[in-house]
Amino acid sequence: CNTDFLTNDQQRTHFMSDWHKYNRKRRIASLDALSLESFATLAAASEQEQVETAAPDHHCIPCNKRYNSQNAYNNHIASKKHQATAKSYIPDFSSTIRAPKADDPHLDWKSRFDAIESDEALHALIREKISQATPLPANACLFCLHTSATLDASLHHMRHAHSFAPPRMERLADAPGMMAYLADKVALANLCLFCDAGLWHSLEAVQEHMRVKGHCKLAWEREEDRDELAEFYDW
């Protein structure tokens, strides 16, 4: 986030903020961090959009009519015209089932990545993929489908099942924040936590890669590897 702190408490509070969490996802997508002012503007616009989207919308499905107020909707429901239409209405569920199309570009990320010819197109596709990916559940294992009840239980599982342990645990100040960042890196960007093998094309693929290659560990030897996770440590 490109900001400084006077105390460790201020830093830990910042790590829990929506601003920091948003910038964390931008970093995974190779995007620059937003300033606090820019994030506040973006958050306000998003909140307004949600309010507008959540505006009352009363839809009579048999008549295919919408009403902006409860009173108007109630008057319509009580009308003879609606009651006559409702009696002969047969629900059509076919429109709620979306069969995947053979040419759907989201069905085969691997082919789309293989066809990339420029860095700009690569970054755009990475951002698109991250925006559509599903985050891991809280306290989910980074390397398999197991989910624990608590963070401590999750770390215990990963230590015994996959020999994973964060380096320098005695200096780790924000374990929840770091595990959330690593979960996004694996689930949203599909990146191996240890090697530079490149972007994988699904959560399952990168998890299998880490298990098979013995990469259920964090890269820590290079200075840039340590810098990536420095915000979670108290040096």
Side-chain angles (χ1 to χ4, degrees), residues 1 3 5 7-31 33 39 43 109 126 129-235:
C1 296
T3 188
F5 307 95
T7 66
N8 289 336
D9 287 341
Q10 288 181 350
Q11 187 178 38
R12 293 188 185 98
T13 299
H14 169 75
F15 287 160
M16 300 302 293
S17 68
D18 291 338
W19 175 33
H20 175 74
K21 292 176 182 177
Y22 184 78
N23 275 334
R24 192 169 63 199
K25 289 181 170 61
R26 288 181 63 86
R27 184 171 69 177
I28 291 175
S30 301
L31 297 173
F39 173 75
W109 289 106
I126 289 174
K129 187 175 188 300
I130 288 177
S131 70
Q132 297 182 23
T134 302
L136 281 176
N139 304 319
C141 178
L142 300 173
F143 312 107
C144 71
L145 299 178
H146 182 81
T147 298
S148 303
T150 65
L151 176 59
D152 287 343
S154 180
L155 289 171
H156 181 272
H157 160 78
M158 287 187 277
R159 181 168 60 252
H160 289 274
H162 307 291
S163 301
F164 170 82
R168 300 298 302 273
M169 281 290 291
E170 75 280 3
R171 306 293 282 177
L172 183 58
D174 183 17
M178 188 175 80
M179 296 310 297
Y181 171 76
L182 297 176
D184 285 347
K185 189 172 183 178
V186 171
L188 304 186
N190 302 148
L191 292 171
C192 175
L193 298 180
F194 181 74
C195 74
D196 295 325
L199 184 78
W200 293 83
H201 309 293
S202 70
L203 170 61
E204 294 76 12
V206 70
Q207 285 182 328
E208 181 180 10
H209 160 81
M210 290 188 288
R211 293 195 304 269
V212 171
K213 294 294 185 180
H215 288 183
C216 298
K217 53 188 175 182
L218 299 182
W220 195 252
E221 295 300 319
R222 300 176 301 181
E223 183 177 357
E224 62 191 81
D225 297 327
R226 297 189 292 274
D227 287 345
E228 180 184 359
L229 301 174
E231 65 185 78
F232 305 112
Y233 284 83
D234 183 5
W235 301 115

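Across C141 and L136, no two heavy atoms sit closer than the pair O-CD1, 4.0 Å. Contact record, S202 with A205: OG-N, 3.0 Å, taken as the closest heavy-atom pair. Closest approach of A173 and D234 over heavy atoms only: CB-CB, 3.8 Å. Smallest separation of non-hydrogen atoms from L218 and P167: CD1-CD, 3.7 Å.
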Side chain to side chain contact (heavy atoms under 4.5 Å, CB included) evaluation trace for V186 with L193: CA-CA 7 Å; V186 171; L193 298 180; 3.7 Å; yes
Pair L203-T134, side chain to side chain contact (heavy atoms under 4.5 Å, CB included): steps then yes or no: CA-CA 9 Å; L203 170 61; T134 302; over 6 Å; no
Derivation of the side chain to side chain contact (heavy atoms under 4.5 Å, CB included) call for M179 and L142: CA-CA 9 Å; M179 296 310 297; L142 300 173; 3.7 Å; yes
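Checked for salt-bridge contact, R168 and E170 meet the test: a charged N lies under 4.0 Å from a carboxylate O.
The NZ atom of K185 sits 3.5 Å away from the CD atom of E228 when rounded to the nearest 0.5 Å. One distance of note links CG of L145 with CD of E204; it measures 7.0 Å at 0.5 Å rounding. The distance from the SG atom of C144 to the NE2 atom of H162 is 3.5 Å, given to the nearest 0.5 Å. Going from atom CZ of F143 over to atom CZ of F164 covers 5.0 Å, rounded to the nearest 0.5 Å. Once rounded to the nearest 0.5 Å, the distance linking OG1 of T150 with CG of L155 reads 8.5 Å. Rounding to the nearest 0.5 Å places CZ of F194 at 7.5 Å from CD of E221.
When the salt bridge (Lys or Arg N to Asp or Glu O under 4.0 Å) test is applied to R159, no partner is found at least two apart in sequence or on another chain. When the salt bridge (Lys or Arg N to Asp or Glu O under 4.0 Å) test is applied to D152, no partner is found at least two apart in sequence or on another chain.
Ring pair W220/Y233 is tilted by interplanar angle, where 30° to 60° counts as tilted. Aromatic ring orientation, H209 versus H215: perpendicular (interplanar angle above 60°, classes split at 30° and 60°).
For E224, the CD atom sits in a packed shell: over 12 heavy atoms of surrounding residues, nucleotides or ligands are nearer than 6.0 Å.
A side-chain contact (heavy atoms from CB on, under 4.5 Å) with S154 is found for exactly one of H156, M158, H157, namely M158.
At a threshold of 4.5 Å between non-hydrogen side-chain atoms, the residues P166 and M178 count as touching.
Between the side chain of N139 and the main chain of L151, a donor-acceptor pair closer than 3.5 Å is present.
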